[in-house]
Structures are given as C-alpha cells and as structure tokens.
Q: 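So that we are looking at the same thing, I have put the structure below in structure tokens.
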Amino acid sequence: MKITRITVYQVTLPLEHPYRLSGGRLYFDKLDSTIIAMDTDVGIRGWGEGCPWGSTYLPAFPRGIRAGIEELAPQLLGLDPRRIDVVYRTMDMALPGHPYIKSALDMACWDILGKFTEFPLCELFGGRIDQEITIQNSVPTDTPEGMIESIKRGQARGEKVHTCKIGADVALDIERIKAIGAYLPPDESATFDVNRAWLVDDGMRVMNAVKEPMLYFEQPCETYEECLQLRKLTNHPIILDECIQAYGHIVRAQADKACEAIGLKIGRVGGLTKAKRIRDFCVETGIRMNIEVTGGSVIGDAGSVHLAQSTPATHLRATWLCHEMLTVNTATGGPRGQGGKTVAPDAPGLGVEPIMDVLGEAIAVYQ
C-alpha cells in the first residue's frame, strides 16, 4: 500500500459561546482547523485533523500546520501508511520538532490502518475497555455567576465533571472556587485550571486558602520549574498540562513527583503515535490522565476518545468533546455526548465520515 495523495481543507469552527481562559487573558470566538484526507493506491482513505486553540494558547498556530504539511506531504507520498513509525521517522527527518504539525498526518495513517484491519482504533491502541468515558464540561473564565451559568449548560447535557478556568486575580479566584464549590451538588466535581496564569506565590495563596474538599489544580504556573516548586508548597493535587509536550517531559515529571495527573493533548504531543507512548508510561507509573484534543471538531475528538477507550479506568479521569462547543458539525459518526458520557465508535478506524459540503473546496492537493 502506498500514499498517493494528501488533500488539505481549512474549516472555520465558530464557538457557540465566546471563551476566555488563563484568567481572561486569552479570548476566542472561533477556531481555525486543518482537516486532511490521505488517499492510497488501494482505495482506502484516511482522515486527520489538526486544530490549535488559536495562536495564543501554545507555541502553535493554524497556518503553521498548513505550511508544515506543504513541507511534509511530498516526503510521505509513496510510503506505506500502515508503517506508522516509519512514516513518523520520515516526518521527523524532514521537519525536526513542530509536533503539532504532524498530528493530523499521523491520525490519517492510523485511520487507514484501522480501515485496512477492519478494527476501530481503540482495538489497535490496546483493546476496547468496557467503560463509558466521562466528559468534562469546559467552563471559561468569568465572574463567579457567569461560570455557574456555564456549569449549568454542561449540567443540561448531563455533565457532572467541570473544568473551571481561573487565574490572574487571587481574591477573585478564591471567590470563584468557593462559589462553585457551594453551588455544585455532592455528586459533581470541579477542577480549577489556571492555564499558567499564576506566579508561585499566587498559587500558594489560593491553594492554601482552600482547605476542603481536596481539589485538583491544573497547570498553575507558566513553567515546569514553577509548578514543581508549587507542588512542594501545597497539598492539593496538581495536573500538568501545557508543559507536557513530549515523552521526556512526563518521564521527568514522574521522577520529580511533580504531579498526580496530566492533561494529555493529542495534537500538542504530535499525534496519536506519541500520545499512546505517553499514555502507556502513565499507566505503568500510576499517573492519571485527561485524554483529549487541543481543539477541533468531532474528527479530532474521535482520535482522543479511541485512545481513552483503551485506557484503564483506574488511570483515566475524563475527556473533553470540543465539538460540543461548536456551531458547525464536520462529520457523521464519531463519539457523541450521552448524558455526560461518551464511547468510541465501533466502525473501523476513527469511525467518522466527513461532510464534504462543510469541508468545502480543498486549499491544497499533493500527489
């Protein structure tokens, strides 16, 4: 089997509600997604999606994906997409670094492998585990009252786990945490995601002011070193997110006892191939995970849910369906919210079929 053509689509994904994070410093009302089709000489087509959360959240930006694919696509033509590690080594040789660029191409290779073997990807990632996967409700930065309104929208979908974006104002953060804690019923929980907005002393003041219940705080500071310092000065469990960008980062975090859980973002670490390796390390070393995309439609969500579906429940906290926040649907099939839970599709590969009228005209074709 050989890759014969790579087709690139650009799709704008409007958010149903404007979104602020990192203490309100970062604002978003739409996402810019790159969706690719990878064709082979045996008629199997694979799909992949790469969608950074805008250009200000991470060292990644949407047009960078498309520029990178222009570099990589000619190197992949003629390769066997089922030899995924060979394909990945070819990408790393042709374009060192820039893992977010490679994620959509890697996802398409996995989709082809799944369709060739007639297995859904979760079976290829270790085997489907009979479990429903918890969906996190992503709550943007706002006043305490505004955040509770966002929580109510998630509750209307059946979601009981809420990731609440805070940061940048110590007094207001304490107020937000206390208000949300007082509002939530006993069978629901909140994680407070700072998205790098605190200095170490900010984190100490907030986390040490909140005694009960034991809460997870996600990526409190900008750097790994600051998060590690805060880990030693506070009692609440910490989730590392933005600073887990490669396998070596999780190895270091585990050795330093820097966190109790991580946010494993498929696109940020370079795709499903790299994410699976990190997932397996976390399972071996006792680190819990949220497994999810950085952003995107149901196509990208399908990849993260398949990886989550093959992860032991003991090590999986939740996932997040970004497509639930959008006003446009790019595909049929895929994982959908079902009362706060989801499951990976049974169809081969990703289990999605893009809607071509939504994708529109291709912006680039390499063959």
Side-chain angles (χ1 to χ4, degrees), residues 13 15 19 21 28 31 33 48-54 57-58 60 99-100 103-104 106-107 110 121-122 125 129 131-140 154 157 159-165 189-193 195 216 218-219 239-245 249-250 259 261-279 282-283 287-313 315-326 334-338 340-345 350-352:
L13 305 174
L15 297 173
Y19 197 95
L21 56 79
F28 310 90
L31 301 176
S33 183
E49 181 175 21
C51 184
W53 193 259
Y57 170 61
L58 289 170
Y100 75 102
S103 180
D106 180 65
M107 185 180 294
W110 279 104
L121 290 190
C122 58
F125 293 152
I129 295 176
Q131 62 189 20
E132 289 186 314
I133 299 164
T134 298
I135 299 171
Q136 295 192 100
N137 173 30
S138 190
V139 179
R157 297 189 295 267
E159 293 162 3
K160 296 185 176 183
V161 177
H162 311 279
T163 299
C164 304
K165 307 292 185 176
S189 65
T191 294
F192 293 94
D193 187 358
N195 290 115
Y216 275 91
E218 185 167 344
Q219 194 67 37
I239 302 171
L240 292 181
D241 186 24
E242 287 92 329
C243 63
I244 302 297
Q245 300 182 24
H249 296 159
I250 187 58
C259 64
I262 66 166
L264 178 52
K265 299 288 201 304
I266 305 301
R268 185 179 63 219
V269 302
L272 292 165
T273 296
K274 297 297 181 73
K276 181 182 181 301
R277 294 173 186 170
I278 294 172
R279 187 278 304 270
C282 289
V283 170
I287 298 172
R288 296 185 190 274
M289 293 162 280
N290 297 321
I291 299 178
E292 51 204 11
V293 294
T294 308
S297 73
V298 69
I299 300 171
D301 282 340
S304 62
V305 171
H306 274 291
L307 187 61
Q309 192 75 67
S310 61
T311 300
H315 293 71
L316 179 67
R317 296 186 75 243
T319 191
W320 166 58
L321 297 183
C322 184
H323 75 264
E324 289 190 335
M325 301 173 64
L326 309 177
R336 305 289 175 169
Q338 304 169 14
K341 304 285 186 177
T342 191
V343 294
L350 287 171
V352 296

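The first residue in the sequence is number 1, and the count goes up from there.
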Q: With distance as the sole test, does H306 use its side chain to make a donor-acceptor pair with the main-chain N or O of L350 at under 3.5 Å?
A: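 Looks like yes, one N/O pair under 3.5 Å.
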Q: Among side-chain atoms of E218 and T163, is any donor-acceptor pair under 3.5 angstrom?
A: no
Q: Can you check whether F28 reaches L15 side chain to side chain, under 4.5 Å on heavy atoms?
A: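 Sidechains of L15 and F28: in contact.
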Q: If every non-hydrogen atom of G48 is compared with every non-hydrogen atom of I299, which pair is closest and at what distance?
A: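 Looking at all heavy atoms of both residues, the shortest contact is C-CG2, 4.3 Å.
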Q: If every non-hydrogen atom of Y100 is compared with every non-hydrogen atom of P52, which pair is closest and at what distance?
A: CD1-CG, 4.2 Å
Q: Just by distance, do the side chain of D106 and the backbone of L272 share a donor-acceptor pair under 3.5 Å?
A: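 Looks like yes, one N/O pair under 3.5 Å.
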Q: Okay, side chain of R268, backbone of A60: is any donor-acceptor separation there less than 3.5 Å?
A: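 Not at all, since once roles are kept as given, no pair shorter than 3.5 Å links the two residues.
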Q: Okay, side chain of Q219, backbone of E242: is any donor-acceptor separation there less than 3.5 Å?
A: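 Checking the backbone N and O of E242 against the side chain of Q219, a donor-acceptor pair under 3.5 Å is found.
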Q: Before you tell me yes or no, could you show the steps for L264 and V269 under side-chain contact (heavy atoms from CB on, under 4.5 Å), namely the whole-Å CA-CA distance, both residues' side-chain angles and the distance that decides it to 0.1 Å?
A: CA-CA 8 Å; L264 178 52; V269 302; 4.1 Å; yes
Q: Kindly write out the residues that satisfy salt bridge (Lys or Arg N to Asp or Glu O under 4.0 Å) with K160, not counting sequence neighbours, or none if the list is empty.
A: D187
Q: Heavy atoms only: give me the nearest D193-N195 pair and the separation to one decimal.
A: OD1-N, 3.1 Å
Q: Okay, side chain of T319, backbone of I135: is any donor-acceptor separation there less than 3.5 Å?
A: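 A pair under 3.5 Å: no.
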Q: Is there a side-chain contact between Q131 and L316 (heavy atoms, below 4.5 Å)?
A: yes
Q: Taking C-beta and beyond as the side chain, do L13 and M325 meet within less than 4.5 Å on heavy atoms?
A: no
Q: What pairs with R279 under side-chain hydrogen bond (donor to acceptor under 3.5 Å, both in side chains), at least two apart in sequence or on another chain?
A: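 Result, side-chain hydrogen bond (donor to acceptor under 3.5 Å, both in side chains) vs R279: S310, T311.
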Q: Is there a donor-acceptor contact under 3.5 Å from the side chain of S304 to the main chain of D301?
A: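 Judged by distance alone, yes, a pair lies under 3.5 Å.
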Q: Hey, could you give me the CG/OG1 distance between D241 and T294, rounded to the nearest 0.5 Å?
A: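 With rounding to 0.5 Å, CG (D241) is 8.5 Å from OG1 (T294).
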Q: Short question: side chain of Q309, backbone of I129 - any donor-acceptor pair under 3.5 Å?
A: yes
Q: Do S138 and Y19 get their side chains close enough for a donor-acceptor pair, meaning under 3.5 Å?
A: yes
Q: In sequence, state the C-alpha distance, the side-chain angles, and the governing distance for L58 and K265, and then conclude on side-chain contact (heavy atoms from CB on, under 4.5 Å).
A: CA-CA 12 Å; L58 289 170; K265 299 288 201 304; over 6 Å; no
Q: Report yes or no: does H323 contribute a side-chain atom to a donor-acceptor pair with the main-chain N or O of S297 at less than 3.5 Å?
A: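 No, the answer is negative, given that no donor and acceptor are paired below the 3.5 Å cut-off.
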Q: Kindly give the heavy-atom pair with the smallest separation between G267 and S103, and that separation in Å.
A: CA-OG, 3.5 Å
Q: Between Y216 and R288, is there a cation-pi geometry (under 6.0 Å to ring centre, at most 45° from the normal)?
A: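 Output no; distance or angle outside limits.
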Q: Under the side-chain contact (heavy atoms from CB on, under 4.5 Å) rule, what do S33 and E49 come out as? Steps first, then yes or no, please.
A: CA-CA 7 Å; S33 183; E49 181 175 21; 2.5 Å; yes
Q: State, to 0.1 Å, how close Y57 and L21 come at their nearest heavy-atom pair, and which atoms those are.
A: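 Heavy atoms of Y57 and L21 come nearest at CD1-CD1, 4.3 Å.
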Q: Before giving the answer on side-chain contact (heavy atoms from CB on, under 4.5 Å), spell out for V293 and C51 the whole-Å C-alpha distance, their side-chain angles and the decisive distance to 0.1 Å.
A: CA-CA 8 Å; V293 294; C51 184; over 6 Å; no
Q: Measure the shortest side-chain to side-chain distance between V305 and L321 over non-hydrogen atoms and say whether it is less than 4.5 angstrom.
A: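 When only atoms from C-beta onward are counted, L321 and V305 do touch, with a gap below 4.5 Å.
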Q: Is there a side-chain contact between I262 and I278 in this structure, where contact means two heavy atoms from C-beta onward sitting under 4.5 Å apart?
A: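 Side chain of I262 against side chain of I278, heavy atoms only: contact under 4.5 Å found.
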Q: Using 0.5 Å steps for rounding, measure from the CD1 atom of I266 to the CG atom of L307.
A: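 That separation rounds to 5.0 Å.
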Q: Given T191, which partner from the list Q136, R317, H162 fulfils the side-chain hydrogen bond (donor to acceptor under 3.5 Å, both in side chains) test?
A: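 Exactly one pass, corresponding to R317.
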Q: When you compare the side chain of C322 with that of L31, does any pair of heavy atoms fall below 4.5 Å?
A: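 A side-chain contact exists here, since the closest heavy-atom pair is under 4.5 Å.
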Q: How about P335 and V298: do any of their side-chain heavy atoms sit closer than 4.5 Å?
A: yes
